[in-house]
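Notes follow the structure.
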Amino acid sequence: MEELNQREIEVKWQKKWKEEKTFEPKVDENKEKYFGTVAYPYANSILHIGHGRGYTAPDIFLRYQRLQGKNVLFPLGYHISGTPVLAVSDSIKRGDQEQIKRTKDALREYVQTEEEIETLIESFKDPMNIANFFSGTIEDSLDSIGVSIDWSRQFSTGDANYQKFIEWQFKKLDEAGVLVQGKYPILYSAADQNAVGEDDIKDGDTDKVTLSEMTYILFKLKDEEEYVAIATLRPDALFGTTNLWINKQGDYVKVSVDGQTWIVDKEAVVKLEHQFDEVKVISEHKGEEFLDKVCITPLIDREVVIYDADFLDPNHGTGIAYSSPAGSPHDFMGLQDAKKEGRVPEDLVPIVSVETTDKKGNIIEYKGSCAAEDKCLKFNITSSTDPKLEDAKQELYKEEHYGGKLNSEAGEFAGMYIKQAKDKVKEKLVGLNLAGTFYETSRRAVTRGGDKVLVACLDGQWFLNYKNQETKDKALSVLDQMEYQPHKLKATQEGYLNWVEMRPCARKRGIGTPLPQDTEWVIESLSDSTIYQMLYLVYGIISREKITSEKLTSEVFDFVMLRRGQVTEVSGGSGISEEVLNEMQAQVTYWKSFDLRYTGGTHLSNHLSFLIYHYSLIFDQEYWPKKVAVGGMLIRDGHKISKSKGNGLPLVQVPKQYGADLYRLYVALAANFDVEMDFREEDIKGLSKKFDRFKDLISLSLEQEKVEYSTLSSTNKWLVSRFYSRVEEYKEFFDSMRMREAYVSVFYEFMNEINYHQRRTSEEETSKVLRFIVEDYLKVMTPVIPHICEEFWSKLGNESSISLEMLSTDTEEFIDKEIEELEEIISTLVTSISRELENKPEAKMISIIQARTQRFELFDTLKGLLSQGGKPDFKKIMGELNQRFGDDKKFIQKFVPKTLGSGLSFYLSQEDERTLLEDTIDFFKAEFSVDFEIVNAEDVEMNSGTLVPGRPQVVGR
RNA sequence: GUGGGGGUAGCCAAGUCAGGUCAAAGGCGCUGGAUUUAGGCUCCAGUCCGUUAGGUUCAAGGGUUCAAAUCCCUUCCCUCACACCA
């Protein structure tokens, strides 16, 4: 057979797997099934090196399941619903050069000429073309790193057939009574009359805009049935109100809001219109018309006056503010400035309404008239425009939030902590019809088109309602029978299930399935990705039979997924043959739900929560999901992979630059899969050497003839035994999804033992042993480096694919613990001798000193005591030993407690130990080129404080 | 604000749930050696302090225990996710 390089080997086997449909499993009642899934990738660009980890990790685990003889299904589709594809398309339409360049770079991985690229870019003005193009690249990318996916079942969330399934899902949810309508605040553009997402907002990706929930409070004008409306984040500051601010130059209106007359800035009207039901402007006014009017502070009936302020932002809140200077550095400085300019009377002073204690419970004494003044002094603030005000505010708010209590100014709220008072005050005011929720954007924002972004409360928003206890209980019982990896995430998940209440599930923009109950709306892209794993089970047949969407009626899914209805009727109603319907149902019955879902940790709160709810609402217990494993991100050389950094090496480049096997090996070894992993150029280079050594070792071994186990020397049996001990360990690690530890053991650590063995014997002997274990060695390595293992496997003359082989199970006969323990004594000695010679390079003679006879007796006694069963009785053991070996108290005190856990380590009798050492002396001589002697501790002058059986001491002279 | 994750030697990173042969796996780096004309590769050894005995370590402090990186409490620091966004 001609020698192929790594790259050629990888391509060769990838092709072969595809041709032979190696990873397209069939229903097989005689084989245990294992159904693994991963979140389908989003098809708005090509995959990069970071994505690779998310597929490699589960692939390694699923390939291990095949080694266990299981029938493994690992399907995948593509996600295109929602806004990201739209966003790319819009950017291209807009002529966003950065986006166009990025997209072109991605295209270059797959398209040869610039002409074709231009054509494609042009076609991307239709978002569906983007989705279709990139879907195609995903299969290619994942194949290139050897992910064992069954592509015959692929679909995209934009497919008509997929959408029929989603429609069915929503009908089921509706039947379960969780689909409801209500009001909901969202970011909105009044000009576009549409919801806006991050991608629609100018700089929305770099400077996020969020909803900020404010409280509006109404101050009644004295002797009039009109209210001045202010909006605040701190309703508890109401009690410190000294006055209201209005801009005398500003334009204000009287507006009727749900029956009340409010005075607000003109700019606020559009916001009110989108957040309240009935909003109507009554009249327009200049700010100065309201100056010096008296208002009533709600709850405490304090009369406050409206004064002029030039610092108000007409776009923020209602454009009118209350001033609570004692607790707000901004208000305090505002007041100072106003005094200087004579806009307020001299005698207007801060009203302290909060008393704050520090962490030790002592009341904080503030300098000046109030806390805000103290902070202004501390931060050296002298004007109302000082940027340091923000820091002062943060510090004071934090202090008051944790340690502040309202004082007697707060009437019935006196004594209440600020933390609770915020909500309680608001609650009370709402009850009086003098306050409510008012939403504001977290920063001033405009759309890319330049229109103002505001908050609108949408009427008729569709929700999934997970609030009811009955619904929650069902979901919790699904969770109850699930396993999480890492385990502690199960508790986290439970928290999320309890926390989720009303989830908006449809939007007015984006790609997706129209909501069957109300086709004005499109099903939101996380809600359409919850139980879709079930669709894989039948999609192979749907594609093969070219079934079209109009045939996929609800009855079909009821029959296939839930075994409801009669096949004859369903067939008649849909036009799908009975045979095919039965075949589809059989797939679902066999594969049931997924045994593993591998996903990112951020999905716990949303995707996985909905998934669990939806399974619980639609499927019977037999079809509930089994296991969730959470994987971490991949970063490169300490940096997050991001578009702007351009450090996302395209995944298809990975096999070219490093090799698929090496990449996979690296992913398996560099970090536990559940934590963030740093892909470091340095490290993968180092690993490459070890990988080459592995290949050399296997190649050499293949030149050997396989021999009988009984003919192997005991040192050779040692290596065999070490290998199979490690295989046992490997299985345990894998069973608890600790892939990294499994491979540290069989790859790194075992290779160290191979090296030791080679030194202990010879290269040829080592090859002989490796030949003996090579089949199983290749098998345990197959999940992580499948290509090279296939190649070696075929060199051994096998016709079948190693990917579908089973790991040998009857290997206990090759594990010989005694041989391992004996060699352990030798190898420890080798290390000690090296060390001694390092310290005394001039030594000509090495003495190997055995422990005193009495120590052997002590060990025998201790062994007897420890083996008495049950938990070792510390006091009894110490007592007995001290009595019998009184002159060794110091040693007993120090050494014996350590043995209470896992017992004494292995040791031989004094005579047997001596025999072993004598037998090994030739090896030592050859290895170190000095003379050796074996002596007893009794016979030499030395401090033998810690010298114990099984660990002779080494002294050179 | 709400809810998570974490701090281990020069660096990366296991170990913590189930306390005990834990001065703490593995890798990288570094030092020395073997091999080599030399370098590289590969292999061997060392890498908290100390020549041994021993001493001092797992963010800091305290506690429980015969025994603590591991359990409990306190403090400090880093980090992630929070709803229409996949």
Side-chain angles (χ1 to χ4, degrees), chain A residues 39 41-42 44 79 81-85 184-187 195 197-199 208 210-211 213 359 401 419 422 458 461-463 486-489 491-492 495-496 499-510 524-527 529 600-607 609 632-633 638 669-672 674-678 680 682-683 685-687 689-690 692-693 696 738 740-741 743-745 747-749 752 755-756 758-759 830-831 833-835 837-841 872 874-875 877-878 893-905 927 942-946 948 950-951 953 955:
Chain A
Y42 206 89
N44 66 340
H79 199 193
S81 33
T83 48
V85 165
Y184 195 71
I186 52 161
L187 295 175
E198 193 176 281
D199 303 306
K208 247 185 130 178
T210 53
L211 292 174
E213 188 180 325
K359 282 173 190 167
H401 185 77
K419 224 172 156 177
K422 278 184 184 171
L458 233 54
Q461 168 74 48
W462 289 92
F463 292 89
H487 297 296
K488 56 190 165 195
L489 291 179
T492 311
Y496 284 130
W499 168 71
V500 178
E501 296 207 318
M502 297 281 273
R503 167 75 188 191
C505 64
R507 340 174 40 182
K508 294 231 163 176
R509 55 191 292 275
E524 180 271 329
S525 60
L526 277 181
S527 307
S529 311
T602 54
H603 284 152
L604 242 45
S605 66
N606 44 51
H607 169 70
S609 294
M633 295 272 116
L669 287 168
N672 279 350
D674 58 315
V675 301
E676 182 176 85
M677 164 188 158
D678 192 1
R680 298 198 300 182
E682 273 304 275
D683 287 359
K685 271 190 227 149
L687 184 61
K689 291 169 195 164
K690 288 248 178 333
D692 288 341
R693 166 130 175 102
D696 289 346
R738 290 147 76 190
R740 177 168 187 257
E741 285 161 274
Y743 283 108
V744 165
S745 174
F747 188 73
Y748 279 138
E749 294 183 330
N752 287 339
N755 291 337
Y756 172 79
Q758 204 170 72
R759 194 152 59 105
V830 170
T831 310
I833 295 166
S834 297
R835 196 185 173 130
L837 286 172
E838 184 110 338
N839 288 335
K840 292 185 191 163
F874 176 78
K875 285 194 178 127
I877 290 173
M878 294 299 273
Q893 192 62 38
K894 193 164 168 60
F895 180 77
V896 174
K898 292 181 179 177
T899 66
L900 297 178
S902 43
L904 273 174
S905 58
E927 184 75 10
M942 65 166 297
N943 188 332
S944 57
T946 54
V948 296
R951 290 286 176 268
Q953 196 169 337
V955 175

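Numbered from 1 within each chain, the chains take letters A, B, ... in sequence-line order.
Here the C1' atom of nucleotide B/A81 and the NE2 atom of A/H603 are 11 Å apart, to the nearest Å. In this structure, A/Y496 places its OH atom 11 Å from P of B/A81, rounding to the nearest Å. Nucleotide B/A25 holds its C1' atom 13 Å from the CG atom of A/L669, rounded to whole Å. A/Q461 places its CD atom 15 Å from the P atom of B/A83, with the value rounded to the nearest Å. Straight-line distance from the NE2 atom of A/H79 to the P atom of B/C85: 13 Å, rounded to whole Å. At whole-Å resolution of the value, CG in A/N606 and P in B/C82 are 8 Å apart. Going from atom CE of A/M677 over to atom P of B/C80 covers 19 Å, rounded to whole Å. One atom, CG of A/L604, and another, C1' of B/G5, lie 12 Å apart when rounded to the nearest Å.
How far CG of A/D692 is from CG of A/L687: 9.5 Å, rounded to the nearest 0.5 Å. Rounding to the nearest 0.5 Å gives a distance of 14.0 Å between CD of A/E741 and OH of A/Y748. If you take NE2 on A/H607 and OG on A/S527, they are separated by 11.5 Å, rounding to the nearest 0.5 Å.
Contact check for A/R759 versus A/V830: side-chain heavy atoms found under the 4.5 Å cut-off.
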Original post:
Should A/Y42 and A/V85 be marked as a side chain to side chain contact (heavy atoms under 4.5 Å, CB included) after you check the CA-CA gap, both sets of side-chain angles, and the distance that decides it?
Top reply: CA-CA 9 Å; A/Y42 206 89; A/V85 165; 3.6 Å; yes
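Nearest heavy-atom pair across A/S529 and A/H79 is OG-NE2, 3.3 Å. Nearest approach of A/F463 to A/C505, heavy atoms of both residues: C-SG, 3.9 Å. Between A/A670 and A/M677, the closest heavy-atom pair is CB-CE, 4.0 Å. When all heavy atoms of A/L669 and A/F747 are compared, the pair lying nearest together is CD1-CD2, 3.9 Å.
Here the separation of B/U70 from B/G6, taken at their C1' atoms, is 16 Å to the nearest Å. A gap of 29 Å separates the P atoms of B/C72 and B/C82, to the nearest Å. Here the separation of B/A9 from B/A59, taken at their C1' atoms, is 14 Å to the nearest Å. For the C1' atoms, the distance from B/U35 to B/C43 is 8 Å, rounded to whole Å. Nucleotides B/C85 and B/G15 place their C1' atoms 37 Å apart, quoted to the nearest Å. Rounded to a whole angstrom, the distance from the C1' atom of B/G7 to that of B/A14 is 15 Å. Straight-line distance between the P atoms of B/C48 and B/G27: roughly 15 Å, to the nearest whole Å. Comparing the P positions of B/C22 and B/U74 gives a spacing of 32 Å, expressed to the nearest Å.
Across all strands shown, the partner of B/A81 is B/U2, judged by Watson-Crick or G-U wobble contacts whose two distances both fall under 3.5 Å. B/U35 is unpaired under the Watson-Crick or G-U wobble criterion, no partner having all donor-acceptor distances under 3.5 Å. The nucleotide B/A9 finds no pairing partner, because no Watson-Crick or G-U wobble arrangement with both distances shorter than 3.5 Å includes it. Here B/A18 sits opposite no nucleotide as a Watson-Crick or G-U wobble pair (both hydrogen-bonding atom distances under 3.5 Å).
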Anything under 3.5 Å between a protein N or O and an N or O of nucleotides 43-47 of chain B, put it in a table, one pair a line.
unit_1 : atom_1 : unit_2 : atom_2 : d
B/C43  : OP1    : A/R693 : NE     : 3.4
B/C44  : O3'    : A/R759 : NH2    : 3.4

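Distances from the side chain of A/K689 to the nucleotides B/U42, B/C66, B/C82 place B/U42 closest. Taking only side-chain atoms of A/V744, from C-beta outward, the nucleotide of B/U21, B/A25, B/C85 with the closest atom is B/A25.
Proximity of a side-chain donor or acceptor of A/Q461 to a complementary backbone N or O of A/A506 within less than 3.5 Å is detected. With hydrogens and angles disregarded, a donor-acceptor distance shorter than 3.5 Å links the side chain of A/S609 to the backbone of A/S605.
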**OP:** Any chance you could list the contact pattern along nucleotides 8-18 of chain B? Use B for base contacts, S for sugar-phosphate-only contacts and - for none, protein heavy atoms under 4.0 Å, 5' to 3'.
**Re:** ----SSS----
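When each of A/S605 and A/Y748 is assigned the nucleotide of RNA chain B with its nearest heavy atom, A/Y748 is the one assigned upstream, toward the 5' end. Nearest-nucleotide mapping onto RNA chain B: of A/R507 and A/T492, the residue sitting toward the 5' end is A/T492.
In this structure, A/T899 reaches the bases: a heavy-atom distance under 4.0 Å links it to at least one base atom across the strands shown. The residue A/R503 sits close to a base: some heavy atom pair falls under 4.0 Å.
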